[in-house]
Amino acid sequence: MSVVNDWFSLFIQVLDKLPITLFMLLISLVCSLVLGVAIAIIRIKRFKVIYQIATFYLSFCRSTPLLVQLFLVYFGLPQLLLAFQIDINSMDRMIFVLISLSLHNAAYLSEVVRSAYLAVGEDQFEAAYSVGMTYTQALWRVVLPQAFVLSLPNLGNNIIELLKDTSLAFTIGIIDIMGQVRIILGNNHGIGMFEIYVVISLIYWGTCILIEMVISTLEKVLKKGKVSLSKS
Amino acid sequence: MILLKHIHKKFKNNHVLKGIDLEVSKGDVVTIIGPSGSGKTTLLRCVNYLEKPDEGTISIHDLTIQTKKPVKKDILQLRRRTAMVFQHYNLFENKTVLENVTEGLIVAQKKSKKMAREIGIDILTKVGLADKINAYPQQLSGGQKQRVGIARALALNPDVILFDEPTSALDPEMVGEVLEIIREIASGGVTMMIVTHEIDFAREVSNRVVFMDDGQIIEQGPPDDILIHPKQERTRKFLKRIMKEPDFTI
Amino acid sequence: MILLKHIHKKFKNNHVLKGIDLEVSKGDVVTIIGPSGSGKTTLLRCVNYLEKPDEGTISIHDLTIQTKKPVKKDILQLRRRTAMVFQHYNLFENKTVLENVTEGLIVAQKKSKKMAREIGIDILTKVGLADKINAYPQQLSGGQKQRVGIARALALNPDVILFDEPTSALDPEMVGEVLEIIREIASGGVTMMIVTHEIDFAREVSNRVVFMDDGQIIEQGPPDDILIHPKQERTRKFLKRIMKEPDFTI
Amino acid sequence: MPIINFEFAIEQIPEVLKGVPITLAIAVVAMVFGLIFGLLIALCRIYRVPILNRLFIIYISFIRGTPLLVQLYVFFYGVPVLLEKMNQSFGTAYNADHISPLLYAFIAFTINVSAYQAEIMRASLNAVQIGQMEAAHSVGMTTFQALKRIVLPQAFLVALPNLGNTFIGLIKATSLAFAVKVVEVMALAKIIANDGYHFLEMYLVAALIYWLICWLLEVLFTYIEAKMRNKEIKQKKMNTTISKDVPLRV
Amino acid sequence: TTEDGKKVITVAISDEVNPPFLYADDNNEPIGYDMDYLKEVEKKLEDYHFEYVWGEEEANLVGVDTGKYDFAINWFFKNPEREEKFLYPEQEFGYSLTSLVTQPNRDDIKTLEDMVGKKLAPMSPSGGLRTILNSYNKNNPDEQIDIESIEFPSNADNLERVNDGKDDAMFINVTTFNAVQKELDLNLKVAGIVSKEPVYTVFNKEHTELAKEFDDVTKELIEDGTLPDLAEKWFEVNFFENLDYINEENYKFNP
Ligand SMILES: Nc1ncnc2c1ncn2[C@@H]1O[C@H](COP(=O)(O)OP(=O)(O)OP(=O)(O)O)[C@@H](O)[C@H]1O
Ligand SMILES: Nc1ncnc2c1ncn2[C@@H]1O[C@H](COP(=O)(O)OP(=O)(O)OP(=O)(O)O)[C@@H](O)[C@H]1O
Ligand SMILES: [Mg+2]
Ligand SMILES: [Mg+2]
């Protein structure tokens with residue numbers, strides 16, 4: 001059994017799992033960003049048919065517990081695919097976690113992206129069209145970069161929530177930092193809960209501070225001469 | 001070169017363009033004058049399809065767009081053959097002055113970065129902004145923004161340039177220089193449509209003047225005909241303030 | 001009435017205003033002309049403290065603001081005594097045309113809604129926008145926006161009105177009407193500072209002209225002196241285009 | 001033998017529905033108060049109010065950085081300890097056991113959400129053009145008035161989708177309150193599931209109930225957004241040219 | 001699912017660990033009575049190879065339900081409702097001794113009946129203890145015990161509540177109580193052992209054959225003394241004996 005009273009070893013034990021947590025965070029963040037932008041654009045431009053699908057997807061993934069989605073992906077999807085003779089049961093559990101996290105987070109991100117996209121003035125699109133850009137070019141070169149800057153604080157919110165969501169991986173046995181904490185707690189029958197929660201909070205907080213530093217640096221660098229409300 | 005047929009445009013119940021027919025030949029510089037709200041900007045925006053007309057056809061050269069059933073590829077073509085200077089400048093907020101000018105060259109015209117940069121610096125120097133190339137739009141004065149807008153359009157070197165009040169924020173000195181530049185590129189065969197309120201400027205820059213009111217073309221012709229001896233009562237009234245004070249400069 | 005002393009303003013390394021001293025008496029209409037980027041807008045914005053000067057004092061009547069240690073209440077007072085027409089209009093995007101005009105009356109001047117509405121409609125009718133009072137800014141043409149901006153400032157009936165290129169988007173007809181209005185309120189004792197590029201307009205509207213270049217006042221005086229017989233070489237060069245073509249109207 | 005016992009699931013729905021009021025109560029309380037605090041924090045950060053700015057940066061970081069569960073525990077386990085200490089030192093006789101766990105949940109959730117809302121509001125305030133604030137100042141509004149009447153309504157529109165995210169996230173996060181004995185939808189589902197190990201069924205029931213609540217919220221948010229967007233920007237072409245007319249994709 | 005001829009069986013083990021039945025060593029490898037038991041079973045069932053997957057208890061059950069896992073092990077109690085959903089072997093592989101813990105001076109609490117109208121420390125919504133209480137309440141509709149639910153209850157905290165007199169008793173596994181007591185040394189006693197609950201592995205409904213094989217093997221292991229030895233090793237008592245014996249045989253709960 002682990003020594004609860006030894007703060008240092010507690011820290012080391014939990015920190016040991018930080019790479020797994022960060023790995024899940026990064027991969028699912030990238031995937032959900034890509035998907036989120038796609039969903040946002042589909043919804044803004046109201047493409048026929050896929051607009052309905054995207055809206056449905058958004059509603060489902062945003063509104064049902066991540067746990068349920070994880071169950072659907074981890075337990076349900078293999079069964080479904082088995083009906084088509086595809087066996088993915090032996091796939092690494094991590095992949096199921098990443099899929100669920102990405103699908104779930106993409107729904108939230110798509111709204112972050114949508115609000116920022118709409119906050120960039122229409123005149124920016126017009127300008128891009130007038131110099132001969134296509135919609136896609138205008139999007140990537142002009143509108144999304146500006147939307148990105150506007151959305152940074154919301155993106156920060158989202159990444160931090162995603163960080164916390166990764167702890168769900170423990171449900172299907174991937175031991176991340178929170179999972180390690182739960183194991184230590186269980187091993188000790190809940191004794192030392194206070195110390196352990198202090199440790200996990202500090203580790204989460206530390207990670208958050210890193211995320212916040214990245215976000216605020218980006219905010220400063222990408223501001224590009226934009227004057228905000230507060231300049232006075 | 002440019003041929004507009006029967007262009008109609010409504011915003012809800014507001015019938016803004018009531019059947020515009022206009023022909024502009026290659027190398028022509030046409031100015032459009034008319035009271036505020038008469039539809040000048042809307043007309044210009046229809047030419048490169050930023051505003052979708054409700055009816056009519058737009059042709060540039062061999063390219064024709066039926067506004068009722070537009071072909072996407074044609075619209076892109078149309079926009080690649082035209083450039084526009086916006087009344088409100090519409091600069092790319094997240095790009096520097098130089099990037100504003102080179103963006104279209106690199107992205108739409110696939111020019112190399114180096115070449116785009118050369119063209120950009122050259123044209124920005126012409127409009128007197130050589131020292132501002134690394135500034136962002138929010139750091140510019142009104143006239144500076146307007147000149148970036150002009151430079152951006154000129155750099156594209158398109159078949160047609162649409163100017164929406166390109167001198168509204170410019171001082172007389174600068175107006176003179178812009179006039180020079182426009183004359184220069186017009187002599188190179190570029191066709192231009194210019195909306196303006198400065199009658200003097202219209203007179204100096206264009207070889208045809210179109211007078212619009214209430215969504216219709218009231219009359220058109222050579223500058224001296226329209227601006228000095230207008231035939232229509234409406235035009236005369238519009239120009240009255242300028243005409244009645246023949247002594248007002250020196 | 002207005003007394004500016006030693007106003008300095010820098011944006012980073014860019015020294016934009018280099019010690020401006022200016023006095024304007026009650027009821028005066030002063031126009032400020034000068035090349036693009038010379039600091040006209042910045043100066044105007046300093047007067048009502050939208051831009052915080054780095055040095056100098058601003059006085060209106062008995063109210064004096066030391067820009068190094070400004071008092072919040074004074075700034076509010078300053079702004080309540082002045083009104084501004086912005087170069088880029090800056091209309092309230094979430095308000096209708098009428099609300100744009102009445103907002104200041106209701107909120108800052110505590111007028112009743114009914115009264116504000118009356119004033120608003122009256123002034124909007126004067127600038128020819130009676131049929132647009134329920135439109136939102138995004139639905140207006142450039143000239144219409146500019147007129148809303150003018151109406152918004154006039155409605156406040158302040159001691160001082162600051163105009164930043166108030167006629168840039170207006171057609172000659174409209175310019176004439178705005179000229180009328182300005183004359184009318186000037187005769188009521190309102191002091192005005194007008195930045196403009198239209199030399200004719202400056203000449204007709206103002207009783208003093210200030211020529212700025214590179215953040216400094218180069219010369220000032222009655223319109224005819226400055227605009228027709230400028231003393232400084234720089235001023236003469238600036239006005240050259242207009243002066244060298246004495247024949248250009250009719 | 002079907003994996004999911006639908007009959008059982010449907011039978012239990014009314015039982016689980018009993019948790020809905022608690023779920024809604026926590027979410028609505030946290031949302032409303034969180035928004036108010038969040039807005040105040042955002043303003044302090046944007047205006048860089050000395051001390052408060054730094055303080056709130058740490059506050060946001062700490063609250064977002066530590067698990068909500070821990071925050072719940074801090075109140076749940078911390079307050080009784082604190083009360084006991086107080087009772088000892090002051091001879092009072094407060095009994096922490098009489099405090100409803102729901103109250104801890106209200107406080108912890110409000111605090112937690114306020115940190116996120118602060119960032120949402122900061123982002124959306126930044127999206128409003130500074131010209132809007134300047135215009136409001138120029139008509140004599142105080143900063144507070146300008147925020148309330150001009151800036152916030154515009155910022156709110158930008159914030160809406162993100163507020164929707166937060167609200168929906170919050171609905172589901174209320175299940176964490178079970179850690180402090182507050183029994184809401186998810187908790188009821190788990191309790192019912194245990195007897196016959198009907199976890200699959202009960203999770204689906206809970207998911208459906210959450211979805212239903214969130215769907216209603218989505219409808220509400222979409223409605224508000226559409227209404228605001230229409231009002232502000234009736235013809236804002238974001239909804240017309242860009243989205244419907246010519247999705248230009250080549 | 002073969003590998004050198006053996007059939008791979010996926011075993012879901014509960015990551016809400018619960019020593020000494022099942023918990024994690026310093027490398028997060030599962031150890032405990034359950035694991036030793038499974039190792040013995042695996043030795044005997046030569047056709048099978050066990051693969052272990054950590055997971056939350058609810059998730060494990062869902063996994064067994066949907067066939068993702070072949071069976072789950074923790075300390076699952078049996079009841080008719082659960083048997084409808086899952087396949088239970090007939091033979092239990094161990095017991096959970098459930099008890100009521102109170103302050104030493106209380107002698108009004110011995111059995112669950114005594115808890116009617118008294119305050120019980122809050123309990124997890126799931127798990128075996130909860131099931132015992134639920135079924136008690138079901139069988140005694142007129143004499144209900146109040147159960148407060150809480151997610152992730154802390155045993156230590158709950159015992160302290162009883163110690164401080166905030167609650168009258170805590171319903172807890174004896175082994176758990178002993179372990180916590182070793183650390184905290186509270187002024188508490190086991191007021192009475194409520195039951196000796198058989199614990200089982202839980203199989204997917206399809207695995208009748210496997211469950212049967214498990215039954216046979218488990219019986220063998222009990223008869224040849226392997227499991228009783230393991231019980232002594234992990235619990236310091238052979239819980240295969242009857243309750244009276246256990247009580248006499250100084251099963252080490254507090255005097
Ligand atoms: N926010 C800013 N940040 C940095 N530089 C600025 C900013 N605003 C203005 N400037 C610079 O200050 C100088 C003066 O600007 P200002 O807007 O006062 O000019 P102006 O006389 O009004 O010109 P115009 O006639 O073109 O409107 C310009 O060179 C401009 O680039
Ligand atoms: N997006 C819009 N929605 C509704 N009405 C519009 C919109 N854009 C323009 N209008 C209306 O259409 C009419 C013509 O506008 P337009 O901008 O073409 O005028 P203009 O001739 O360019 O005027 P100005 O000289 O003032 O710029 C105006 O009455 C205006 O109110
Ligand atoms: Mg226009
Ligand atoms: Mg200016």
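Y210(D) places none of its side-chain heavy atoms less than 4.5 Å from the side chain of T64(A). Looking at heavy atoms from C-beta onward, P65(A) lies out of side-chain contact with S175(D) at the 4.5 angstrom threshold. Counting heavy atoms from C-beta on, the side chains of S63(A) and E218(D) come closer than 4.5 Å. Counting heavy atoms from C-beta outward, T66(D) and Y204(A) have side chains that stay 4.5 Å or more apart. Counting heavy atoms from C-beta outward, M193(A) and Y73(D) have side chains that approach closer than 4.5 Å. With contacts defined as side-chain heavy-atom distances shorter than 4.5 Å, the pair N154(A)/E119(D) does not qualify. Side-chain contact between V74(D) and Y197(A): absent, with no pair of heavy atoms (C-beta onward) separated by less than 4.5 Å. Within the 4.5 Å cutoff, the side chain of R64(D) has heavy atoms near those of the E212(A) side chain.
Taken from CD1 in I60(D) to CD1 in I160(A), the straight-line distance is 9.5 Å, to the nearest 0.5 Å. For the atom pair CG of N157(A) and CG of N162(D), the computed distance is 8.0 Å after rounding to the nearest 0.5 Å. The CG atom of L200(D) sits 8.5 Å away from atom CG of L72(A), with the distance rounded to the nearest 0.5 Å. Separation of atoms CD1 (I168(D)) and CD (E111(A)) is listed at 8.0 Å; rounding is to 0.5 Å.
Of the listed residues (V151(D), L160(D), L68(D), V158(D)), the greatest number of heavy-atom pairs within a distance under 4.5 Å of chain A belongs to V158(D). Here G169(D) is the residue among A159(D), G169(D), A118(D) with the most heavy-atom pairs under 4.5 Å with chain A. Between chain D and the options C208(A), S59(A), S115(A), S201(A), heavy-atom pairs under 4.5 Å are most frequent for S59(A). Ranked by heavy-atom pairs under 4.5 Å with chain D, the list Q146(A), E219(A), Q69(A), Q137(A) is led by E219(A). Interface summary for chain D: among F60(A), F71(A), Y108(A), the most heavy-atom pairs under 4.5 angstrom belong to Y108(A).
When heavy atoms are compared at a cutoff of 4.5 Å, Q79(A) approaches chain D solely by way of its side chain, counted from C-beta outward. Proximity to chain A is limited to the side chain of E225(D), based on heavy atoms less than 4.5 angstrom apart. Looking at L43(D), neither its backbone nor its side chain comes within 4.5 Å of chain A, counting heavy atoms on both sides. Proximity to chain D is limited to the side chain of V68(A), based on heavy atoms less than 4.5 angstrom apart.
The minimum heavy-atom distance linking R62(A) with G164(D) is given by the pair NH1-C, 3.7 Å. Closest of all the heavy-atom pairs between Y203(D) and L67(A) is CZ-CD2, 3.6 Å.
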>> Set out, in order, the CA-CA distance, both residues' side-chain angles and the distance that settles side-chain contact (heavy atoms from CB on, under 4.5 Å) for L66(A) and K172(D), then state yes or no.
In response: CA-CA 9 Å; L66(A) 175 55; K172(D) 293 185 290 166; 5.9 Å; no
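More than 12 heavy atoms of other residues, nucleotides or ligands lie within 6.0 Å of CZ in F11(A), so this atom counts as buried by the packing criterion.
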